[in-house]
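Structure record follows, encoded as structure tokens.
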Number of protein chains: 2
Amino acid sequence: MTPSATSTRVPSKPTGLECRMAVLGADVRLTPHRREVFDVLAASTDHPTAYDILDRVKARSPGISLATVYNCLDHLTSAGLIKQVHLERGQSRYCANLHEHVHFHCETCGKVIDAHPATDFDPAKFWNLPKGTRITRTDLAIHGTCDACAAK
Amino acid sequence: MTPSATSTRVPSKPTGLECRMAVLGADVRLTPHRREVFDVLAASTDHPTAYDILDRVKARSPGISLATVYNCLDHLTSAGLIKQVHLERGQSRYCANLHEHVHFHCETCGKVIDAHPATDFDPAKFWNLPKGTRITRTDLAIHGTCDACAAK
DNA sequence: TTTAGAATTGGAATGATTCTAAAGCAAGTC
DNA sequence: GACTTGCTTTAGAATCATTCCAATTCTAAA
């Protein structure tokens, strides 16, 4: 194994992942597999499933197992470095975009795209929640037909 | 089997379900099991899972199977008479509330409550979606701590 | 260099749901 | 009123996504 593939908490070559860890103060041991899983996800805009990620990581690490992909995704998710997305039942999808955004899901082609806020959004302004309720996060999924499918 | 338990499309005793079918123009054969599944759900405010519904329906129809509950839920859902809710991966939950609302999920006790809009909400005003996108529905899940759990 | 604690692995196990084939019912037809 | 046709219901098998497990390998610190 080459030195650059050794796991470490003090990387010699900072990448997006290390910057993100520094900004978030996340403490995850950075193994080669975790880095690859993150890199694959960061390079994807299609909200891949665990199987999609396995396929893509296999190009670099042919021996990686599905269990390891799930394991890496779990660790990265609980460190807050990536997000798990549930649009419908079935496979979970993953997303490396940590900016505030919501997901648009095309019911025709299945594509998922990120939509960023045009203006500030405070859910407590729109929905009546019992007094004393504390909000930690909101998940908005918008379902419909994407522009490409609507044009057909 | 008593006459009132006979399936029909033209009920003699209208219930919430028949009114709802009439309003929505839904066409579902109303079998005793479907009616029971609907009644159980309509009487529940806790967003039960298929298993929860099975338990409750068994009080009236001890012989009903899980497959039938799933089958009834599918038919009622596709007729638009009830809604399927996915708050996290795992079991789907079901909801007979068809008014515009969002779900608040308490991460401490697991409780799910409906929150109704205080004011009009148009997702297209808040998030930048590509031109030509058509929205059919939006699912907002608000996660946090409910008032009871927050008070502890 | 030793050693304790993680990470990784393949395969088994789990949980939720869906499928399947057989049997039961209901509505309309002769 | 028996027959046909098609939906409904059922138990159990199958599937799918994920999680668990026990064995092995790797890493970091002493």
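Residue numbers begin at 1 in each chain, while the letters A, B, ... track the order of the sequences.
- The line from CD1 of A/Ile113 to CG of B/Leu129 is 6.5 Å long, rounded to the nearest 0.5 Å.
- Rounded to whole Å, atom P of C/dT9 lies 15 Å from atom OH of A/Tyr70.
- Both A/Val69 and B/Ala50 lie close to DNA chain C; mapped to their nearest nucleotides by heavy-atom distance, the more 5′-ward contact belongs to A/Val69.
- Atom C1' of nucleotide C/dG10 and atom CG of A/Leu54 are separated by 13 Å, given to the nearest angstrom.
- The B/Arg34 side chain lies nearest to D/dT8 when the options are D/dT8, D/dT18, C/dA7.
- If you take CD of A/Gln91 and P of D/dT15, they are 16 Å apart, rounded to a whole angstrom.
- Here the C1' atom of nucleotide D/dA17 and the NE2 atom of A/His86 are 11 Å apart, to the nearest Å.
- Checked by atom type, the side-chain pair B/His33/B/Thr68 shows no donor-acceptor distance below 3.5 Å.
- Proximity note for A/Ser65 (side chain, C-beta onward) versus C/dT17, D/dT18, C/dG10: the nearest is C/dG10.
- Rounded to whole angstrom, the span from the CZ atom of B/Arg89 across to the P atom of D/dT18 amounts to 5 Å.
- Atom OH of A/Tyr51 and atom P of D/dC16 are 9 Å apart (whole Å).
- Summarising the geometry, the separation between CG on B/Leu73 and C1' on C/dT17 is reported as 12 Å, rounded to the nearest angstrom.
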Take B/Glu107 and A/Arg134 through the test salt bridge (charged side-chain N to carboxylate O under 4.0 Å, His left out) and record every step on the way to the result.
CA-CA 10 Å; B/Glu107 289 168 332; A/Arg134 283 196 213 126; over 6 Å; no
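- Distances shown here put a side-chain N or O of A/His33 below 4.0 Å from the OP1 or OP2 atom of C/dT8.
- For D/dA29, the paired nucleotide is C/dT2, the pair qualifying as Watson-Crick or G-U wobble because both relevant distances are below 3.5 Å.
- Checking A/His47, A/His116, A/His86 one by one against A/His103, the ring pair (Phe, Tyr, Trp, His ring centres under 6.0 Å) holds for a single residue, A/His47.
- Checking D/dT18, C/dT17, D/dT8 against the side-chain heavy atoms of B/Arg29 singles out D/dT8 as nearest.
- Residue A/Ser92 places at least one side-chain N or O under 4.0 Å from the OP1 or OP2 atom of D/dT18.
- Among the atoms of the strands shown, only primed sugar atoms or phosphate atoms (P, OP1, OP2) are found under 4.0 Å from some heavy atom of B/Ile64.
- Nearest approach of A/Gly80 to A/Leu24, heavy atoms of both residues: O-CD1, 3.5 Å.
- Here the C1' atom of nucleotide C/dC25 and the CG atom of B/Leu30 are 15 Å apart, to the nearest Å.
- Within the nucleic acid shown, A/Thr49 has no heavy atom closer than 4.0 Å to any nucleic acid atom.
- Closest contact between the side chain of A/Ala67 and the listed nucleotides C/dT17, D/dT9, D/dC20 involves D/dC20.
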